[in-house]
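Heavy-atom basis, side chains included; hydrogens, waters and symmetry copies ignored.
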Protein chains: 2
Amino acid sequence: MQSLSESLGTRIRAMRKLKKFSQDGFALQCGLDRSYMGRIERGEVNITVEKLYRISKELECEPVELLPKINDIAI
Amino acid sequence: MQSLSESLGTRIRAMRKLKKFSQDGFALQCGLDRSYMGRIERGEVNITVEKLYRISKELECEPVELLPKINDIAI
DNA sequence: ATGTGACTTATAGTCCGTG
DNA sequence: ACACGGACTATAAGTCACA
């Protein structure tokens, strides 16, 4: 079972690629550092809800589309 | 328009009351200090996604039930 | 049972680089 | 373009005392 951060990162990456954004261009859009976006997508960090919304906004999706179901992750 | 943290806090409080939990009993369940839970419910802090999941788990709901729609808050 | 101030500690998030 | 890291800085996390 994936961790929450891993699952979230995987979903963010998939959605970003769907939108044909580069990682660093997308980070810039979100007002985040490029190295931090890499860490997010690799599931190395536990982002705040505020950043989740910022990322969702730039991906033109609802946060729920990026969040795993509660029973699909280890808590 | 409410801020994200305010909207999230309001929803957490409403769901907690629905479950008939006291603030400090609920904080304990979540492994948090009751004063910190108070700040979350008042929207004074910007929690991480991990905390959101911990709280959702104890409220027996999905995170999406606690999160406002992206167009309903100021980003 | 809850709000608030004043903390300390942990970690989110930045800025610089390398291959 | 992206992975990965070191060394920062800002802020979330967590504790306690008092109202």
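- Remark: side-chain polar atoms of A:S5 are paired, donor with acceptor, to backbone N or O of A:V45 under 3.5 angstrom.
- Atom CZ of A:R54 and atom C1' of C:dT14 are 16 Å apart (whole Å).
- Distance, B:I40 CD1 to D:dA13 P: 7 Å, rounded to whole Å.
- Of the candidates D:dC2, D:dA3, C:dG13, C:dG13 carries the atom nearest the A:T48 side chain, counting heavy atoms from C-beta on.
- No N or O donor and acceptor, one from the side chain of A:S22 and one from the base of D:dC2, sit under 3.5 Å apart.
- Rounded to an integer number of Å, the gap from CG of A:L28 to P of C:dT14 is 11 Å.
- Using a 4.0 Å heavy-atom cutoff across all strands shown, B:G31 reaches no nucleic acid atom at all.
- In this structure, A:R39 does not reach the C:dC15 phosphate: none of its side-chain N or O atoms is under 4.0 Å from OP1 or OP2.
- The separation between B:L52 atom CG and D:dA13 atom C1' is 15 Å, rounded to whole Å.
- Salt-bridge check for B:E41 with B:R13: passed, with a basic side-chain N closer than 4.0 Å to an acidic carboxylate O.
- In the set D:dC18, D:dC4, D:dT15, the nucleotide with an atom closest to the side chain of B:R34 is D:dC18.
- In the interface, the side chain of A:S35 is not paired with the base of D:dC4 through any donor and acceptor atom under 3.5 Å apart.
- By the neighbour-count criterion of 12 heavy atoms within 6.0 Å, atom NZ of A:K17 is sparsely surrounded, having that number or fewer from other residues, nucleotides or ligands.
- Considering only side-chain atoms of A:D24, the nucleotide from C:dT4, C:dG13, D:dA1 that sits closest is D:dA1.
- The side chain of B:Y36 sits closest to D:dG14 out of C:dT4, D:dG14, C:dC15.
- Comparing D:dA1, C:dC15, D:dA3 against the side chain of A:Q23 picks out D:dA3 as the nearest.
- Residue contacts shown for B:E44 are limited to sugar-phosphate atoms, with no base heavy atom under 4.0 Å away.
- No salt bridge links A:R42 with A:E6; every basic N to acidic carboxylate O contact stays at or beyond 4.0 Å.
- Minimum atom distance to the side chain of B:L32 is reached by D:dG14, of the listed D:dA12, D:dG6, D:dG14.
- A:R13 places its CZ atom 8 Å from the C1' atom of D:dC2, with the value rounded to the nearest Å.
- Contact check on A:K19 versus A:E58 returns no salt bridge, with no Lys/Arg side-chain nitrogen under 4.0 Å from an Asp/Glu carboxylate oxygen.
- Here D:dA1 presents its P atom at 15 Å from CE of A:M37, a figure rounded to the nearest Å.
- Counting non-hydrogen atoms of neighbouring residues, nucleotides and ligands closer than 6.0 angstrom, the CD atom of B:E50 reaches no more than 12 such neighbours.
- Contact between the side-chain N/O atoms of A:R16 and the OP1/OP2 oxygens of D:dC2 is found at a separation under 4.0 Å.
- Between the P atom of C:dG13 and the CD1 atom of A:I55 lies a distance of 9 Å, rounded to the nearest Å.
- Residue B:N46 is in sugar-phosphate contact alone, with no base atom involved, counting any heavy-atom pair closer than 4.0 Å across all strands shown.
- At whole-Å resolution of the value, NZ in B:K17 and P in C:dT2 are 7 Å apart.
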